[in-house]
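Data first, discussion second: the structure below is written as structure tokens.
Note on naming: letters A, B, ... go to the chains in the order of the sequence lines (proteins, then strands), and numbering restarts at 1 for each one.
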Amino acid sequence: MIKQVRPNYDAPIMEKEILEFWDSNGIYEKTVAHRENGEDFYFLDGPPYTTGSVHLGTALNKTIKDVLIRYWRMRGRNVRDQPGFDMHGLPIEVQVEKKIGVRSKQQIEEYGIGRFVETCSAFAKGLMNDMTLQFKRLGVWMDWNNPYRTLDPQFIEAAWWTLSEAYRNGLLVRDNRVLTWCHRCETALAEAEIEYWDEDDPSVMVEFPVVGGDRSLLIWTTTPWTLPSNMAVAAHPEFSYALAAMETSGGAKKVIVLESALAEVAKAGGCEKWEILDRMTGADLEGMEYEPPFAVPGLEKTQWLHKVVLADYVEEGNTGLVHTAPGFGPDDFETGKKYGLEPFCPVGEDGRFTDGFPMMEGKKVRGSNEALLEDLDSRGLLFSSARLRHRYGHCWRCKSPIIFRNTDQWFVKVTDIKGRMLDEIDRVKWVPDWAGSSRERNWVEGARDWCITRQRYWGIPLPVWECGCGETRVVGSFEELSNGDGYTEGMDPHRPWIDGVTFRCECGGTMIRVGDVLDVWFDSGVAGWAGLGWPSGKDGLERWWPARFIVEAHDQTRGWFYSQLAAGVISFDRAPYDEVMMHGWILDNKGQKMSKSRGNVVDPMDLAKDVGADSMRFCLLKANAPWEDTAFQKEMPRNARKVLNTYWNVVNFASTYMNIDGYDPSAHTMESMSVDFRDEDLWMVSRTEAMKRDVENALESRELHRACRSLENYILEDLSRWYVRLVRDRTWAEGGDVVADKNASYFTLHYAIMNAALALAPFCPFISEEVYGHMGGTLESIHMEDWPGHDPGLINVGLEESMAAVQEIVEIVAAERQKMGSKLRWPLKAIYVVGPEGGKVRTFDRVLAQQANVKSIEYVDAAPSPRKDLVGTNYASGAVFIDFEVTPDILAESYAREIIRRIQQMRKDMSLNVEDFINCEIDAEGEVVELCAQWVEHISGEVRALNLVFCDSPGGDEVRSWEIMDGEVVIGVSKAAM
RNA sequence: GCUCCCGUAGCCUAGCCUGGUUUGAGCGUCCGGCUGAUAACCGGAAGGUCACCGGUUCAAAUCCGGUCGGGAGCACCA
């Protein structure tokens, strides 16, 4: 049976009720169970980092997932929809540090690693719960009671297993390299963890006096603090260098620099003239020995120490001679290796000088710049000193400037499996195609070995144990771990507890775990099997793996798309997904990234509170192609709400009258109604089938914006603005002879509303549920329904063309009326449709007459002869002539309709029910009364008046004076006693 | 320097793959209308060098090449 919906679309309240309905009736669980025999479909959720609050981008992300999952369920699939959360890592650690008031690793260790890790864990879980509530409010249906969490022991075991596979295949190695380092977090950082912005730094040229000569090599640097670690000077073998004599502010100098840089160098040194004394190539300089800028006591003298070496990365800028500190520069490190220079790195993990450089021991490196420069200056070695603004890297979490440092780290040898990864990119389906063929491919081609170790606490512990004898063991399961000393059943595998587990080495020594934890980017890379309980159980993997579909924002090209690809190739020699969809970001209205510091953040929860989650979802989806970034405009949610509100109004209209007439949708079928359909009903059915076809095609091609636009167009144009307008009269017709015709319109209206609800269900799960429940849906929830496939046999192109022509003529008539000052309420005498297209229009004769409000329509081959009151207009496939002559009959009908309109307004103002009867008394000028005489019966019928009389002083419950066509009319209305 | 995406009205965009009426919508603005869906709704008007230049073609917003601008990523940043 049909239940009337509440008159106003109050989405926030309605949605809360639906959430409550879902919750207390276990609708989600029942829907999942409903499909348990369907085809298995492994959807894999990319785990959001537990920040505690869902931003618009995350909302879009989960909305896309929810839409597709609901759609697949409607298509009968048994979708695995476990959500995930990324819960380890530096971001949580940094927040916890702030919370408990510590600022360094040393303080954390004093606080106790165990306490610290437990705090991180509890903190992350709390944030996860906050986010879960927000996702639920947005209508996202996932298995919220059973998320995979990267902090779970089972998840950790899966990561260990993957690393042990990597080790077994020679893809996990320890290496000594120069890497980006955060001195505050005291850990290595990956390139992805570095944020760049401008920083003011020294820009200095320093003289390195050549041993046994009167000249100096001139180098340029922006990091004076690396000078104590200088071990060589690099020159390009083919560049041309010059020995030049200069008269500088610091006195007469002889320097060796790149010849082409002489002018710049001289300018920096405050000298206008110079003389070139000699020329040489870089190769000629090789082996030239110089005095290091700082005396470093412990530095072992080797063959190439403090000599000019050759390197072809040297560029033709600055002095052309590059200060080389193998402990602090990736290139320097490589050069050092080539020349047998052991990296000298007198800087600790905390970014302070060690006793390796006693002069500055204990001082922060960047803070030592000035003192070092002063020292150089006092010795006459500072050739020039300036400041430079340049892009500099910073730690993504604590914003400290990063430094380069030479350390031991563990690497996944991505460079060894690059070929396989690229093959897999080709095999996987990417949406859009270029996300894979260009973007992901481009990233993988340029990828370097992946440094997966971090010197921190809150993360998956590196499962590597080492013995002093050089023996290494990589643990791949808890079962293997249980063989260790110090293992206890059910122990938390996090630090510090895991650090207490040791293994007996074959040499008799003790194997101790390497203290590092994993880069959090590695965590989520193994989600595809970690969530399935692998490796401790294999059923899940065999049943579900690999993931059929994943979808994330484009930043995951180098994040999750990549980490999964690498982990998948390592573990299973394939990409762990079949289809990857990429989506864009939600930016602010100017196209800038939303961020707290910019103060331009829009909170999805506010939108849900304001216009409802359905409107929020709909506006995000319809705004743009999913893979494009969207500049969020504040009117977007309001516009989306307008679409849903219009739909709601249609349902309100339909449910009101169907309810009054006791219409039972289950008593009719398309077949049984077929004899009663009017052509406009068949037109509406045709439009409905086309809409379903379009929405389905768009869902299959992941063009969700097109699906939304089809729905919007259907609801606004076809259903609301046209069909409802057409069927109004039929809806309130009364009497036995109109029942069949009315039922045909009800059936069609109901069919349209229900199909719209079904097609809308994945996108706007709340309003569709509410409508379904009120319009006689037979299942407990619309989300258990099957997808409403379309019937091509019901699509009638000819009928649609006819209707389009009629709509066009109605628009023309309306436009011409406006020009002529003729209200739609006043009937027109006639219109003439000229041209061969008349036949098309004729199908909808009645519709045209009614909607344009014309008394007569004539189809003619040629334009009628011109006369007064006849106006002609051309349209797409013909012409229309409108006869604006006002006859007494037309004037009478116009008056009648004006009066009807006023009485209806009064009924409404009096809050009468649609079914109530009234009595009317009307006072008007004699001429008007005369004209209306023949219309009294019609007026009475339209306004449900039992008695309608003209008199001099009208009375009633409500009396009002109106101005109609320059004359005064007084109308009195009373509710009639029944 | 390299790669990718984007550029259509004041704003946000459709159309581009697959060339073909006068480039469509929405928002905003102005004017009007309608109203037994009504704290709604509808119509009309103004507003476009389809970023620019060149090419292919009978025909280019659409295909090709280049330029400029915006964004993202890579490399570099001693």
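For A:Arg638, counting side-chain heavy atoms from C-beta on, the closest listed nucleotide (B:G26, B:G28, B:C6) is B:G28. Comparing atom distances between the A:Asn639 side chain and each of B:C5, B:A14, B:C27 picks out B:C27 as nearest. Checking B:G36, B:A78, B:C76 against the side-chain heavy atoms of A:Arg448 singles out B:C76 as nearest. Distances from the side chain of A:Val724 to the nucleotides B:A37, B:G26, B:G36 place B:A37 closest. Counting only heavy atoms from C-beta on, A:Arg825 has its side chain closest to B:C34 among B:A37, B:C34, B:C12. If you check B:A14, B:C42, B:C34 against the side chain of A:Arg721, the one that comes closest is B:C42. The listed nucleotides are B:G15, B:C27, B:A78; the one nearest the side chain of A:His323 is B:A78.
Distances shown here put every side-chain N or O of A:Arg817 at or beyond 4.0 Å from the OP1 or OP2 atom of B:C34. The side chain of A:Lys634 contributes no N or O atom lying less than 4.0 Å from OP1 or OP2 of B:C12. Residue A:Asn589 places no side-chain N or O under 4.0 Å from the OP1 or OP2 atom of B:C11.
Scanning both residues, A:Ala11 and A:Val611, for their nearest heavy atoms gives CB-O, 3.4 Å. Across all non-hydrogen atoms, the minimal contact from A:Thr646 to A:Ser720 is CG2-OG, 3.2 Å.
Looking at heavy-atom distances under 4.0 Å, A:Arg907 makes no contact with the nucleic acid at all.
Across all strands shown, nothing is found opposite B:A61 as a Watson-Crick or G-U wobble partner with both distances under 3.5 Å. Across the strands present, B:C74 finds its partner in B:G1; the criterion is a Watson-Crick or G-U wobble pair with both atom distances under 3.5 angstrom.
Each of A:Lys622 and A:Phe404 was matched to the nucleotide of RNA chain B holding its nearest heavy atom; the match closer to the 5' end belongs to A:Lys622. RNA chain B is contacted by both A:Trp648 and A:Tyr313; A:Trp648 maps to the nucleotide lying nearer its 5′ end (nearest heavy atom per residue).
Between A:His554 and A:Trp627, the ring centre distance reaches or exceeds 6.0 Å.
Rounded to whole Å, the separation between the P atoms of B:U57 and B:C64 comes to 16 Å. Rounded to whole Å, the separation between the P atoms of B:C16 and B:U62 comes to 12 Å. Going from the P atom of B:C27 to that of B:C74 covers 40 Å, rounded to whole Å. Rounded to the nearest Å, the gap between the C1' atom of B:A61 and that of B:C50 is 5 Å. Atom C1' of B:U8 sits at a distance of 14 Å from the matching atom of B:A60, rounded to the whole Å. Comparing B:C77 with B:C4, their C1' atoms sit 23 Å apart, to the nearest whole Å. To the nearest whole angstrom, the two P atoms, one in B:G26 and one in B:A59, are 34 Å apart. For the P atoms, the distance linking B:U18 with B:G65 amounts to 14 Å, nearest Å.
The aromatic rings of A:His394 and A:Tyr392 stand perpendicular to each other, their planes meeting at an angle above 60°, with 30° marking the opposite boundary. Between A:Trp450 and A:Tyr562, the ring planes are tilted. Angles from 30° to 60° get that label.
At a cut-off of 3.5 angstrom, the base of B:A37 holds no donor-acceptor pair with the side chain of A:Thr646. For A:Arg706 against B:A14, no side-chain N or O and base N or O form a donor-acceptor pair under 3.5 Å.
One finds a salt bridge joining A:Arg441 and A:Glu445 here, because a Lys/Arg side-chain nitrogen approaches an Asp/Glu carboxylate oxygen to under 4.0 Å.
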